[in-house]
Amino acid sequence: MRPDPRDVVFQKLLERIEILGTISSSDHCLTRIFLSREMDTASRLIQSWMNSAGLITQVDGMQNVVGSWPSENAQSPSLHIGSHYDTVINAGKYDGTLGLLLSIAAVELLQQEGYQPRHFINVLGFCDEEGIRFSSTFLGSSYLCGAFDLGMLHRKDRDGITMGAALEARGFDTSSINRPPALIQEDDIFLETHIEQGPILESLDLPLGVVDGIAAQMRIKISLTGKSGHAGTTPFPMRKDALVAASEMILAVETLFAQNPNARATVGYLNNQPNAINAISGEVDFTIDLRHPVTAGLNALFEKLESDLRRIARNRSIEMEIDVMQRTESIECDRDVQKAISKCISRHQKRLTSFTSGAGHDTLKIAQTCRAGMMFVRCRDGLSHHPDEYTDPSDIRSALDAWVDVIREIDQNFPSKKAASSMEQKPVTQSSRS
Ligand code: HGY
Ligand code: MN
Ligand code: MN
């Protein structure tokens, strides 16, 4: 008996997750960052998988992988689906990858079923959602929206290479950036499925959920200059210890943001100089990642934090520079798209839930250009950005079945574009964020 095509495509999907999870710049953990050789290897593989799903593919100069469904009777506006294929350092193998490979598999199934799309459908693999190399995220999605911040080209990586030089070295003409027409247009719709990266679906014992919004986020770099000196002779009152100042500041970040159950703040990177056992720290750089479900909430907390940090620097006679490297407003996912996703999920699970994502996604950026929505898939212990990140195959199968329905539903009943509703921010309760 011939195997069910859905089972065949599903098995291939599981294998591809494993394969992509091995393409890393490191032998002992998964790390695949923007413009790296590993990203080239991964993009070629993704391109081949898109080709075998019947898509016409190309890898653009920004290292996005674009797969277009050729269909005579397709028309505008377009339906774009996908996610990112770069990773953080020491990553899990589902973050980004699952949503992209699920989208390729869903298109393959629809093509096998002889489905004829009414709209242009593109599957998109974004090159830099994590923003590890240049501390600037959504590079691939903003490029495809024609909304790339050209100032980013001067951003340097830890080796002092600028983004512009890294792109030009690959033969990419950066003067072509934002030249119209952009692939993602205002009347289009973008759909992304992604692991939740949080504990809510697991706490509700649900495989799938609807995302109603994505939190505002900021990435900040703090540079402190004190005075290095001898550990054994310099009395405390004479010290300008940058590392102790940074320590007081980092605790101030936690104290302020921990008071607000919906807010998140993380210091993930710190560089200390001279970093010697018997020398007082003279210079420290560290980063702060801030999140809040709504932009206004984040702005208010950041204002308070900035004055706390300036007070600490003043009291310790430390010079301080605050560099806001990224600031992205919160968004509300399109209501019609949310309804369509809910309708499709309800065919595969009895209970429904929707909540705001604390994690950032390319949808956060693309929603500034066109209508967008997301479906979440449960992940074990809500763990992500960690090698133990895991999604159960039965949940992946539910997601695949639902995603096929979502793509067909939106393509068939493409919601008409209403006048932009005021982006009223929905009040956020603790239970409604991941
Ligand atoms: O940081 C984030 O929220 C996402 O995983 N890039
Ligand atoms: Mn991530
Ligand atoms: Mn992600």
Side-chain angles (χ1 to χ4, degrees), residues 17 20-21 24 29-34 39 42 46 64-65 81-103 124-142 190-201 209 211 213-221 257 262-269 287-293 295 298 325-331 333 355-367 372-379 382-391 399 433-434:
I17 292 169
L20 221 39
S24 170
C29 69
L30 175 57
T31 300
R32 192 168 60 237
I33 59 176
F34 181 47
M39 284 291 282
I46 291 163
N64 293 307
V65 192
I81 51 178
S83 193
H84 63 97
Y85 70 102
D86 65 316
T87 75
V88 289
I89 299 167
N90 195 28
K93 59 188 165 201
Y94 299 87
D95 177 359
T97 308
L98 180 67
L100 174 55
L101 296 179
L102 250 166
S103 300
L124 306 177
F126 300 114
C127 62
D128 180 72
E129 187 277 337
E130 301 292 359
I132 296 296
R133 180 169 175 183
F134 293 103
S135 294
S136 59
T137 104
F138 313 134
L139 294 180
S141 39
S142 47
F190 174 68
L191 302 172
E192 182 171 13
T193 184
H194 199 288
I195 54 170
E196 178 200 339
Q197 299 179 296
I200 295 177
L201 287 176
V211 178
I214 304 177
Q217 53 177 254
M218 285 178 77
R219 291 186 177 191
I220 300 153
K221 181 175 164 190
F257 274 71
N262 291 318
R264 301 284 187 272
T266 310
V267 174
Y269 168 84
T287 60
I288 312 176
D289 175 316
L290 303 177
R291 313 283 172 112
H292 191 288
T295 305
L298 185 56
M325 299 187 288
Q326 181 224 333
R327 191 168 200 157
T328 309
E329 307 225 331
S330 56
I331 59 114
C333 293
F355 51 90
T356 298
S357 170
H361 301 286
D362 286 294
T363 300
L364 179 59
K365 183 69 189 176
I366 297 172
M374 289 190 77
M375 179 175 83
F376 266 169
V377 189
R378 172 171 50 187
C379 59
L383 184 66
S384 183
H385 287 190
H386 188 284
D388 293 345
E389 185 184 273
Y390 177 78
T391 294
R433 60 154 299 124
S434 72

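Order of appearance sets the numbers: ligands from 1, and atoms from 1 within every ligand.
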Check your understanding: Between R32 and Y85, is there a donor-acceptor pair closer than 3.5 Å when you use the side chain of the first and the backbone of the second?
Key -> yes
Study note, to complete from the structure: Nearer than 2.8 Å to the Mn ion (ligand 3), the protein contributes N, O or S atoms numbering 3
Point to revise | Expected output: side-chain T356 to main-chain I214 donor-acceptor under 3.5 Å | key: no
Pairs under 3.5 Å, nitrogen or oxygen of ligand 1 with protein nitrogen or oxygen:
{"from": "ligand 1", "atom 1": "1 (O)", "to": "R291", "atom 2": "NH2", "distance (Å)": "2.8"}
{"from": "ligand 1", "atom 1": "3 (O)", "to": "R291", "atom 2": "NH1", "distance (Å)": "2.7"}
{"from": "ligand 1", "atom 1": "3 (O)", "to": "R291", "atom 2": "NH2", "distance (Å)": "3.2"}
{"from": "ligand 1", "atom 1": "3 (O)", "to": "G360", "atom 2": "N", "distance (Å)": "2.6"}
{"from": "ligand 1", "atom 1": "5 (O)", "to": "E130", "atom 2": "OE1", "distance (Å)": "3.4"}
{"from": "ligand 1", "atom 1": "5 (O)", "to": "H385", "atom 2": "NE2", "distance (Å)": "3.0"}
{"from": "ligand 1", "atom 1": "6 (N)", "to": "E129", "atom 2": "OE1", "distance (Å)": "2.9"}
{"from": "ligand 1", "atom 1": "6 (N)", "to": "E129", "atom 2": "OE2", "distance (Å)": "2.9"}
{"from": "ligand 1", "atom 1": "6 (N)", "to": "E130", "atom 2": "OE1", "distance (Å)": "2.9"}

Review point. Quick one: which of F138, F376, F126 gives a ring pair (Phe, Tyr, Trp, His ring centres under 6.0 Å) with H361?
Key: F376
Review point. Does any N or O in the side chain of S142 come within less than 3.5 Å of the main-chain N or O of L139, such that one atom is a donor and the other an acceptor?
Key: yes
Check your understanding: Can you tell me how far CZ of F34 sits from CZ of R133, rounded to the nearest 0.5 angstrom?
Key -> 7.5 Å
Exercise for review: Ignoring hydrogens and angles, tell me if any N or O in the side chain of D362 forms a donor-acceptor pair with the backbone of S83 under 3.5 Å.
Suggested key: no
**Study point:** Main-chain N/O of C29 paired to S24 side chain as donor or acceptor, under 3.5 Å
**Key:** yes
Review point. Side chains of T295 and S330: is there a donor and an acceptor less than 3.5 Å apart?
Key: yes
Point to revise | R291 side-chain N/O to G358 backbone N/O, donor-acceptor pair under 3.5 Å | key: yes
